[in-house]
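No hydrogens, no waters, no symmetry mates; every other heavy atom, side chains included, goes into these values. As the structure is a computational prediction, the values presented were derived from the model and not from experiment.
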Amino acid sequence: MEEEEEEEEVERLQTLSCQHKEAACTQARHKAAHTSNNMGERRKQNAPRGEHKKIVNGAKDHGGQWGRAWEVDWFSLGSVIFLLMFAPLIVYYFVMSCDQYQCALTGPVLDLYSGKTQLSDIWKKTPLITWEAVYIYAAWVSFQVFLYMLLPDICHKFLPGYVGGVQEGARTPAGIINKYQINGLQAWIVTHILWFANAYYFHWFSPTIIIDNWIPLLWCANILGYSVSTFAMIKAYWFPTNVKDCKFTGNVIYDYMMGIEFNPRIGKWFDFKLFFNGRPGIVAWALINLSYAAKQQELYGQVTNSMILVNILQAIYVVDFFWNEAWYLKTIDICHDHFGWYLGWGDCVWLPYLYTLQGLYLVYNPVQLSTTAAVGVLLLGLIGYYIFRMTNHQKDLFRRTNGNCAIWGKKPKYIECSYTSADGKRHYSKLMISGFWGVARHFNYTGDLMGSLSYCLTCGFDHLLPYFYIIYMGILLVHRCIRDEHRCSSKYGKDWKLYTDTVPYRLLPGVF
């Protein structure tokens, strides 16, 4: 079982600790200046008497099934501080290595160690923010806000199978079901139509405009990332969208990183999570790759087959994301994560700059793959995508039909699990053990990793930098496996043990 199985059941636990959270959030908002060090203790003191939390099968009480922790241990705090300090430096180091060292990650370190250069020399060679970059970035974000807020979706009216328009998300911890305007696919289509119209007809700007301003745009993206994260924290204290959906730990650093509000909004429709998770970063992903391809054409007179593969394979992933944007409302980013620096800065900076490293590498180090190698990489990416998509499709079909469907030509088998919510009611959930879900508990992640590896293989084996993506995704998805299974074990107890005995492997049968 993967993360989304657990997320779907989240809506049935809305009564857990709602009074507890409301007391904490209200108190924190009015006494923010005096409670940063003892918020957790005051929350405990103000919890209503007689509030008993029933946990299934003797599992420990963790203060709620949603989102991040109520209390912060030293390891979690240390991890948060590490990310806040070094994640921006990692992004800068990777981009700078390409700009100044042809994407050789060891280049800056060796030059510094040998005394050939100093940090001040590297910084002097780094382009600073420019007004041109500010105008470009401001126009880009404003255009995406316009498409998100003022252009209701019409694609669902003529695209068979596509779910768009106003859709409902999962129930929040406060028991609220938010409505969302799903129009990401439409925004992606409109944006790319305009991009190609400009490239081949209007010529308002060069197709290489992104790569030509890549580092100045990095500073703009950082400004937006930090600004929206800081605003989200201030908003959570003074005018939260819903106080019952807040989580204060009493640790300002952790709260800033992991977020306080569950679904911060401005007005009825501008949802911070949905906008920043999908726009402007993911809409820009394919445009960034197209700009890389245009730069290759400008520099070398041709676009290599490796660059074409990167554009095709990553565009498939991006279009799939927006085609299934309504389904995305039930995933971990929306159902569990609060909105803080982790999402705000991560979506503005980490995603567009590190997820596109393969294309950036190929600008500085063009690779022309043999026909055999190109076909092999393409097949790996397409097979990975097929596994990823079909695994999720089987799960979605099983849920929508309550198991009354055919998986691989047969009626699916499942294990029925139960859990008890705070109000004492017993609920039931079915964990499918047929199809890809009988092969491994997170086989969709296996497909995702195959696709990620295919992106990296387009770049050959001369440098490590393009392989950062598969290393990062491997760590991320393995961590998600462990985190999600811990939640499910606490939730389902002995039923979860029966499930893991039936499907013993997480990602790769016989290995892990």
Enquirer: Is there a side-chain contact between Ser306 and Cys459 in this structure, where contact means two heavy atoms from C-beta onward sitting under 4.5 Å apart?
Expert: no

Enquirer: Under 3.5 Å, is there a donor-acceptor pair between the side chain of His479 and the main chain of Ile475?
Expert: no

Enquirer: Would a 4.5 Å heavy-atom cut-off, applied to side chains only, mark Ile282 and Phe322 as touching?
Expert: yes

Enquirer: Whether the side chain of Asp99 engages the backbone of Thr126 through a donor-acceptor N/O pair (distance < 3.5 Å, no angle test) should be reported.
Expert: no

Enquirer: Checking the side chain of Ser291 only, and the main-chain atoms of Leu287 only, is there a donor and an acceptor separated by less than 3.5 Å?
Expert: no

Enquirer: Is there side-chain contact between Tyr237 and Ile260, with heavy atoms separated by less than 4.5 Å?
Expert: yes

Enquirer: With distance as the sole test, does Gln358 use its side chain to make a donor-acceptor pair with the main-chain N or O of Cys456 at under 3.5 Å?
Expert: no

Enquirer: Between Asp111 (side chain only) and Thr117 (backbone N and O only), is there a donor and an acceptor less than 3.5 Å apart?
Expert: no

Enquirer: Is there a donor-acceptor pair under 3.5 Å between the side chain of Trp341 and the backbone N or O of Tyr226?
Expert: no

Enquirer: So, do Leu464 and Thr106 sit near enough that their side-chain heavy atoms are less than 4.5 Å apart?
Expert: no

Enquirer: Between Tyr317 and Trp285, is the gap from one ring center to the other below 6.0 Å?
Expert: yes

Enquirer: Ring centres of Tyr254 and Tyr256 under 6.0 Å apart?
Expert: no

Enquirer: Report yes if some heavy atom in the side chain of Leu274 is under 4.5 Å from a heavy atom in the side chain of Tyr148; otherwise report no.
Expert: yes

Enquirer: Take atom CD of Gln368 as the centre, draw a 6.0 Å sphere, and report whether it contains more than 12 heavy atoms from other residues, nucleotides or ligands.
Expert: yes

Enquirer: Within a strict 4.5 Å, meaning less than it, do heavy atoms of the Ser454 and Val377 side chains meet?
Expert: yes

Enquirer: Using the ring of Tyr180 (Phe, Tyr or Trp, six-membered ring only), decide whether Arg265 places NZ or CZ under 6.0 Å from its centre and within 45 degrees of its axis.
Expert: yes

Enquirer: Search all heavy atoms of Tyr364 against all heavy atoms of Cys98 and return the closest pair with its distance.
Expert: CE2-O, 3.2 Å

Enquirer: Looking only at side-chain N and O atoms, does Tyr342 offer a donor or acceptor that is under 3.5 Å from a partner on Ser229?
Expert: no

Enquirer: Classify the side-chain pair Ser206/Thr208 by whether it contains a donor and acceptor separated by less than 3.5 Å.
Expert: yes

Enquirer: Among Asn213, Leu217, Ile223, which residue satisfies the side chain to side chain contact (heavy atoms under 4.5 Å, CB included) criterion with Tyr137?
Expert: Leu217

Enquirer: Between Phe339 and Val228, is the side chain to side chain contact (heavy atoms under 4.5 Å, CB included) condition met? List the steps.
Expert: CA-CA 10 Å; Phe339 189 86; Val228 73; 4.2 Å; yes

Enquirer: Starting at CD1 of Ile308, measure out to CD of Gln296 and round the result to the nearest 0.5 Å.
Expert: 8.5 Å

Enquirer: Show the nearest heavy-atom pair for residues Ala221 and Tyr353, with the distance to one decimal.
Expert: CB-CE1, 4.3 Å

Enquirer: Does the side chain of Glu485 pick up a donor-acceptor pair with the side chain of His442 at under 3.5 Å?
Expert: yes

Enquirer: Which atom pair, heavy atoms only, marks the closest approach of Cys103 to Tyr361?
Expert: CB-CD1, 3.6 Å

Enquirer: Rounded to the nearest 0.5 Å, what's the gap from CD1 on Ile470 to CG on Leu449? Could you check?
Expert: 5.0 Å

Enquirer: With no hydrogens and no angle check, just 3.5 Å: does a side-chain donor-acceptor pair link Gln314 and Thr356?
Expert: no

Enquirer: Is a side-chain donor or acceptor of Asn198 paired with a backbone partner of Phe205 at a separation under 3.5 angstrom?
Expert: yes

Enquirer: How far apart are the closest heavy atoms of Phe276 and Leu224, and which atoms are they?
Expert: CE2-CD2, 4.2 Å

Enquirer: Rounded to the nearest 0.5 Å, how far does CD of Gln118 lie from NZ of Lys124?
Expert: 8.5 Å

Enquirer: Do the two ring centres, one from Trp350 and one from Tyr472, sit under 6.0 Å apart?
Expert: yes

Enquirer: So for atom CZ, which belongs to Phe231, do other residues, nucleotides or ligands contribute more than 12 heavy atoms lying within a distance under 6.0 Å?
Expert: yes

Enquirer: Do the non-hydrogen side-chain atoms of Tyr455 and Val310 ever get within less than 4.5 Å of each other?
Expert: no

Enquirer: Heavy atoms only: give me the nearest Cys481-Tyr445 pair and the separation to one decimal.
Expert: SG-CD1, 3.5 Å

Enquirer: Consider only side-chain N and O atoms of Tyr385 and Asp320, and report whether a donor and an acceptor are under 3.5 Å apart.
Expert: yes

Enquirer: Is there a side-chain contact between Asn222 and Tyr92 in this structure, where contact means two heavy atoms from C-beta onward sitting under 4.5 Å apart?
Expert: no

Enquirer: Shortest non-hydrogen contact from His338 to Cys246?
Expert: CE1-C, 4.4 Å

Enquirer: In this structure, which one of Lys247, Lys235, Lys273 forms a salt bridge (Lys or Arg N to Asp or Glu O under 4.0 Å) with Glu261?
Expert: Lys235

